[in-house]
Every structure is written in C-alpha cells, then in structure tokens.
Protein chains: 2
Amino acid sequence: MKKKITTLKEIAKQLNLSISTVSRALNDHPDISESTKEKVKRLANDLSYVPNIFAKGFRSHKSNIIGVIVPSITHYFTATILKGILDEAAIKGYRVIISESDNDISKQTEMLKTMMQFGVDGILMSLTKRTRNIENIIKTMDTVPLILFDKVSNKIPCTQIVINEEEAAFDAVEHLINIGKKRIAIIKESEYSYNSEKRYTGYLRALNEHNIAIDEKIILSVEDITLKQGRRMTNILLSLKNRPDAVFAITDSAAIGVVQALKKFKIKIPEDIAVVGFSNSIHSTIIEPMLTTIDQPGERIGSTAIKYLIEEIDNPNEFTGIKTVEIKSNLIIRDSTFSS
Amino acid sequence: MKKKITTLKEIAKQLNLSISTVSRALNDHPDISESTKEKVKRLANDLSYVPNIFAKGFRSHKSNIIGVIVPSITHYFTATILKGILDEAAIKGYRVIISESDNDISKQTEMLKTMMQFGVDGILMSLTKRTRNIENIIKTMDTVPLILFDKVSNKIPCTQIVINEEEAAFDAVEHLINIGKKRIAIIKESEYSYNSEKRYTGYLRALNEHNIAIDEKIILSVEDITLKQGRRMTNILLSLKNRPDAVFAITDSAAIGVVQALKKFKIKIPEDIAVVGFSNSIHSTIIEPMLTTIDQPGERIGSTAIKYLIEEIDNPNEFTGIKTVEIKSNLIIRDSTFSS
DNA sequence: AACGTTACCGCAAACGTTTGCGTAGTTATT
DNA sequence: AATAACTACGCAAACGTTTGCGGTAACGTT
C-alpha cells in the first residue's frame, strides 16, 4: 500500500498557483508574498511534501552525498573516525555512503568507480595496505574531490589528514628512555606503510637524540601487525642473549601479544620489560597490566577530514593547495610502563 | 579542472544516432543490431561514459540506496553487522547510507526523515534504548520498506532479525548448571529492552527446568549495562551472606567488570565464582581468564537483514508477512567457566 | 503485385525541480 | 499624466534517461 507522493504540481493545483511559485515559496524566494508563502508551506506540511532528491540532484548536479572507503569497518579506530565523519556530515547536511575495501586493492578500485556512478560529491578514503595502482585514484580526482586520512600515501597529490605519527612515536620512546630504559625494541611492519614508516623514524630519532645506539637485532618487522605476531616476536626477543628492557609495538594488538607472551614467561612488566602500544584501543585498558599507548583522536580525524572535503566541494575551481593536516595525538601512561 | 561528463546525447551525436538508440544499445535491447551495439559500447567506453544516477533514479523512482540506522557505530558487534550489510549490498548492487542515532530518540526520528528525503529504497534499523514514539516509524513504513535487527520491538509490525536470545541465555545458564553451579546470579537491564528481557526469561527457564529456586537477591538490574556497573554489582553480590557461585552478565562488558572485581578480591574464577558474558566481543579473549560467552554472528545478522529487505523492495505489493527471523548463536566455553 | 513479417531505428513524452525571462498590476517619481 | 520602479506571479526551457509507439526499408509469402 504505497502512499501517493506529493509533488509541487499537486500543491500548485490545490492552491491554484503555478509550479514555479510554489517552488519559490518553499525556497523563500523574495519574489513571493508572505501570505502566499505561508499558504504554500502549510499545505506542503499537511501533505507531508518532501522534495524529490533525484529531480533536485538531476538539475543541480549535487547529491549531498559523500563516499567513504575504509579498509575495515570493524576496526575500532576506524569506527571512531567514521563516527566523526557521520556527526559532522549530519551537521552540514550531507549523507554518507560507506564502503569497505577489506584491504583488497581491486575492491578498492571497484568501489571508487561505483562511488562515482552514484554521483557522490566527494570521497574520503583510507588506503588499503600495499596500494599500488595510484592511477585510477588520481583519475577520479579530476572528477570529484578526494581526501585521504589515516592510511595515506604522499604519492597521491591531495589533502591528507593524519596523526603526528613521528612525533607520537618519538614521545612514546622518549617516555621509555625517561623511565630508565636503555635497550628498546621496536615491532614494526615489513611492508611499506606510511604509518609504520613514520613511527619508525620517530623511534630512531628518539634514540639518536638520547645517544642510544641502534641495534638491528631488536628492530623486528612483521608482515601483519597482529596480536599473534606480537607474541611470536616476543619469543624472538626473549631468545636473544642481550634482551631488551622495553618494547615499542607499533600497534596495540601487537603490544597486547607482547604482554601476553611476557606474562607467560613470568617476566615482570614494566620492571623487567616495559611495553608501549599505539592506538588506545579499548583492549589496552582490559589487558593486565593496562597498556601505555598513544591515543589517536579518531573522531577529530574524521570530522577534520570531512570539513576539508566540504571546503573543496564548495569551492571547486579555486585551487586550495594540497595540505597535510596533522592531528595531535597524545601519550597515555599506564601500568605497562609505570609501576605505582 | 572539472572534466566534461559524457551523456547519451554526446554519444548519439558522434555516431549520428538517436539518443534512444544509444540508450537501448547500452542496455542490450533486442531491437538494436549487434554492429550498432558494439560501436556504441566502444565509444561509451572511450568517453568513459557513466549513466547519470539522478536521471535514472528520477525516472525509475529507484535509488539503489539502502539506509541504515544504528545506535552506535563504534560498538564492535554493531560494526560486524554493518560489515555483513555492506558485503551483501555490494553483491546485490546497492549502496548503503549509514547513520548513527547515538541512542537519542529525536536523532533517530530525524534520521528516519532525512533517509526518506534522500530517497532510499529501504531502511534497516536497530532501535535506540527506550524508543517510545513508534508512530513515525510506522508512518515511514508505508512509504518505504523497513526491517529491524538486533535491537527490535515487537510493537512495530515489520520483519525483525534477531539472535535466539532466550535460547542462547538458556544454554549459557544450563552450562553453568552442568559444571555444578547452583546459585547463579544475573546482571540485566532495568529499563525494558527486548534483548535483556529475552535473556532474562532464558535464565529463568533454565533454572526452572533444573529445579533451582529463583532468588531475587541475586537478580540485579542496572540502567546502563557497562563495565563499571559490572564491577559495582559484583561488590553487591560479594556483600551478600549467601554469595552466588556463578554470574551470568547479559553483556560482555559487564561480565568483564565482574571478572575485574572478582580478581580484586582474589576470588578464584571459575572455582569460586564462574562468569558468563554475552556477545563474544574481542575483549572477551583478552581478559584473564578468558570469558565464556555467546557468539553472535553479526555478519550473518546483517546479511540476512538486507536480504529480507531487498526481497521486500523487489516485491512491494505482495504482502510477504511479518517474520521474526532468529539467527542461531552459540556458546563459547572458555576459562571463566572451565578450569583446565 | 499485393500483403505480412521482421529488423532496426527515431520521435517525443515523461519524471519533478529550478530559474531566466516576461508581464500584469500597483505604487512611486517626475 | 506619463514614466519608472517595484511586487508578485506565470511560462517554458532545461537537466539525462527510459520507453511506448510509430515508421521505414528489406525480405519473404501468397
């Protein structure tokens, strides 16, 4: 039992007005008298008129829809970013179409294409691992504005919203140094990743500035930075003659794996070996000891990203320049580095 | 530098054909000769033609967009449901607009409205707590198909996709009985909630069937079923003269709170008091001891929900009947009820 | 030779909205 | 009293696509 949808024509007929007058009345056009406006608006309300979005977008070439592509929606940090995007979008009157690339490059390409077909006004994207074929991304960019966040690439000439990765990692490692640690291991990603690379340079810089020698033996790289890999790497570290006295894992889940492995071997945290993660996931407060980590303000990243995007959408011709916007994160010190 | 978008007209002009012929050629209409089809398709491809979604939807009154409203996107279980929805939608050629109601009823109403304005073909919704004004939900239902999932209400006459809540709770409690527990506490929600209520009746049924007396003193209700409340309730339980030997928390986070509180008082889990949660959140494997809990197949819920919705969208007139579809969950036994 | 059939294609309307332009009526200006 | 300016509204085109209907040419059938 579909309800009959009311159109401008219907309202016009009932009020003996022209369609254009009704349209203008609803849009508060100055040419229309107050009395007419009121009549029109009242009837529109009574008939629960909703403007046909297609007819509107059809004319204006504007959908007020923004496309978002993320690797994994179930990842907590990603979800907080999405929340930031959704909230800001609601305020600015945009709808958001979300797609998951599942860390699959071909899916990502496919999605970019269908986003275009659906006439989105702009695209926010966080890249899959090992994103190779940049061409189609760049190609879409001359049809519709695109902004990257979190997992970015400086090979793509567009505005990018990121955490101050290097500085954050620097802070984390310096914190370890400050509590007296001298032999600090790192677990990072082996494949190239913007985030991993930045954190790694932050690690190196901290060691350098504090005149601590760099030891390749305690610089470990893994393909997938997971909990399981964290455990595996810890076993490797513990088998060394010269064990580290701290571990900086580039990710909370890896850090949790480290903690679990250390506990298994009854190694005291943080006295014997301190652990720092990255992300401030919820898990970091559930594991014992609670994890020292970097809090990334996901919502701010999301809202910032969409703000810049809408800016570009509203001013399509003026070249606003490619910015890399860094959102400040901050170190949260908990029991895994601090014994009370 | 906006690119010129190609239309049917452009293709028609270049090929000296009519617009209708071009349209039919692209849609593989039998009236068009193979040779013409090929020419048209080639040029369309060269000009990277994409059909204008607005013009299309404008005519067909179909957007191929589905609206989804959830209380909180950052909630892990919700995220898995969304993943199921997104995957299935991609397969069926639908886009998904996601909105967060933030457990705010007025927001929820607002979103329902804007979803309508954006011409979605159907709506999937998980209700906020204490959803009161059902009217507008029912009102939208005679314009566009709507299906509820997870947080549902049997006051709304529509298809609903849920977990077999009662049975799952029954299984969980029976498991506790099977391992020898005789005094099983429950922590549930005080406000009416479909899920809480069902789980509670499952709890009651299990006790009844095993001839265990029901003791109101160990049936605790909280407003917000959070980790903190889990801890608080545990303190209450421990202050009883006749302590329980097991706790069934209606939610993983509450269960984790219970575990934390028990550990603080050096109470052995599961020997002294066993704990069962509900959800199989990631946290349940990180807490020590790992939590026995109910695994809810989020992705299946999501994909099932959207399947039913598309079914309704494709057959708008025939009344398919209101179904309540139960997705089977299953008990996962871990250390919090089982000492190896 | 007249007719029916088939293959292939074009015309034009329709979807609902916005908007430039035109205009009738009224009021203000010289 | 003639002109200008303003108010309030209508006409009609345009956006890109789909589709019912109609038409033409070619071919086959009696």
Side-chain angles (χ1 to χ4, degrees), chain A residues 2-41 43-44 47-65 93 116-121 143, chain B residues 2-41 43-44 47-65 93 116-121 143-144 316:
Chain A
K2 299 283 109 174
K3 220 198 276 178
K4 184 150 171 29
I5 45 173
T6 43
T7 69
L8 290 184
K9 197 201 284 184
E10 179 62 23
I11 298 177
K13 198 166 68 181
Q14 293 200 24
L15 256 48
N16 253 335
L17 287 170
S18 75
I19 296 178
S20 33
T21 302
V22 175
S23 171
R24 279 191 256 255
L26 289 172
N27 292 330
D28 267 331
H29 193 282
D31 266 11
I32 309 299
S33 72
E34 282 306 323
S35 62
T36 311
K37 278 184 188 174
E38 213 206 331
K39 271 194 299 181
V40 171
K41 284 179 182 173
L43 185 60
L47 270 57
S48 63
Y49 164 79
V50 281
N52 183 315
I53 191 76
F54 295 110
K56 226 170 179 164
F58 183 31
R59 265 196 66 95
S60 63
H61 279 279
K62 189 138 190 315
S63 63
N64 271 44
I65 297 180
M116 296 293 309
Q117 290 189 359
F118 268 80
V120 296
D121 290 342
T143 308
Chain B
K2 299 282 109 176
K3 221 199 277 181
K4 185 153 170 27
I5 44 174
T6 42
T7 70
L8 290 184
K9 197 200 286 183
E10 178 62 24
I11 298 178
K13 198 166 68 180
Q14 292 201 24
L15 256 48
N16 252 334
L17 289 169
S18 76
I19 296 179
S20 31
T21 301
V22 175
S23 171
R24 278 189 256 255
L26 289 172
N27 292 330
D28 266 329
H29 194 283
D31 266 11
I32 309 299
S33 71
E34 281 306 321
S35 62
T36 310
K37 277 185 189 172
E38 212 207 332
K39 271 194 300 183
V40 171
K41 284 179 182 173
L43 185 60
L47 270 56
S48 62
Y49 165 79
V50 281
N52 184 317
I53 191 78
F54 295 109
K56 225 168 180 166
F58 182 32
R59 264 195 67 94
S60 63
H61 278 279
K62 189 138 191 312
S63 63
N64 271 46
I65 296 179
M116 296 292 308
Q117 289 189 0
F118 269 79
V120 295
D121 290 341
T143 309
V144 58

At 4.0 Å (heavy atoms only), tell me whether B:Asn52 reaches a base, stays on the sugar-phosphate, or touches nothing.
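Sugar-phosphate: the residue B:Asn52, judged by heavy atoms under 4.0 Å, touches backbone atoms but no base.
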Over all strands shown, is A:Ser60 touching base, sugar-phosphate only, or nothing at heavy-atom distances under 4.0 angstrom?
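Nothing, no nucleic acid heavy atom in range.
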Take A:Val50 and B:Lys37, find for each the nucleotide of DNA chain C with the closest heavy atom, and name the residue whose nucleotide sits nearer the 5' end.
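The 5'-side residue here is B:Lys37.
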With nearest nucleotides of DNA chain C determined for B:Ser33 and B:His61 from heavy-atom distances, which residue corresponds to the more 5′ nucleotide?
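Taking each residue's closest nucleotide, the earlier one in sequence belongs to B:Ser33.
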Enumerate the residue pairs fulfilling salt bridge (charged side-chain N to carboxylate O under 4.0 Å, His left out) with a member in residues 11-29 of chain B, sequence neighbours excluded, ordered by first and then second residue.
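Matches after skipping sequence neighbours: B:Asp28-B:Lys37, B:Asp28-B:Lys41.
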Go through residues 15-26 of chain A and report each residue with a non-hydrogen atom lying under 4.0 Å from DNA chain C, sorted by number.
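A:Ile19, A:Ser20, A:Ser23, A:Arg24, in order of number.
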Atom CG of A:Asp31 to atom P of C:dG22: distance rounded to whole Å?
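So the two atoms are 15 Å apart, to the nearest Å.
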Between B:Asp28 (CG) and C:dC8 (P), how many Å, whole number?
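Distance check: B:Asp28 CG to C:dC8 P gives 13 Å.
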In Å and rounded to the nearest 0.5 Å, what is the OG1 to CD1 distance from A:Thr21 to A:Ile32?
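It comes to 5.0 Å.
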Could you measure the distance from the CG atom of B:Asn64 to the CD1 atom of B:Ile53? Nearest 0.5 Å is fine.
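Taking CG in B:Asn64 and CD1 in B:Ile53, the distance rounds to 6.5 Å.
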Boundaries of the DNA chain D segment in contact with chain B, non-hydrogen, under 4.0 Å:
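Result: D:dG16 to D:dG20.
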Kindly say whether A:Ile19 contributes a backbone atom to a donor-acceptor pair with the side chain of A:Ser23 at under 3.5 angstrom?
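It does not hold such a pair.
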Take the C1' atoms of the five end pairs on each side of the helix from C:dA1-D:dT30 to C:dT30-D:dA1, derive the two axes, and give their angle rounded to 10 degrees.
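Between the axes fitted at each end of the helix from C:dA1-D:dT30 to C:dT30-D:dA1 lies an angle of 60°.
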Run the side chain to side chain contact (heavy atoms under 4.5 Å, CB included) test against A:Glu38 and tell me which residues pass, sequence neighbours left out.
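A:Glu38 satisfies side chain to side chain contact (heavy atoms under 4.5 Å, CB included) with A:Arg42 once adjacent residues are dropped.
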Please report the C-alpha distance between A:Asn52 and A:Phe58 in whole Å, then the side-chain angles of each, then the deciding distance to 0.1 Å, and finally whether the side-chain contact (heavy atoms from CB on, under 4.5 Å) criterion is met.
CA-CA 10 Å; A:Asn52 183 315; A:Phe58 183 31; over 6 Å; no
For A:Lys9, all residues meeting salt bridge (Lys or Arg N to Asp or Glu O under 4.0 Å), sequence neighbours excluded:
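Salt bridge (Lys or Arg N to Asp or Glu O under 4.0 Å) check on A:Lys9 returns nothing, list empty.
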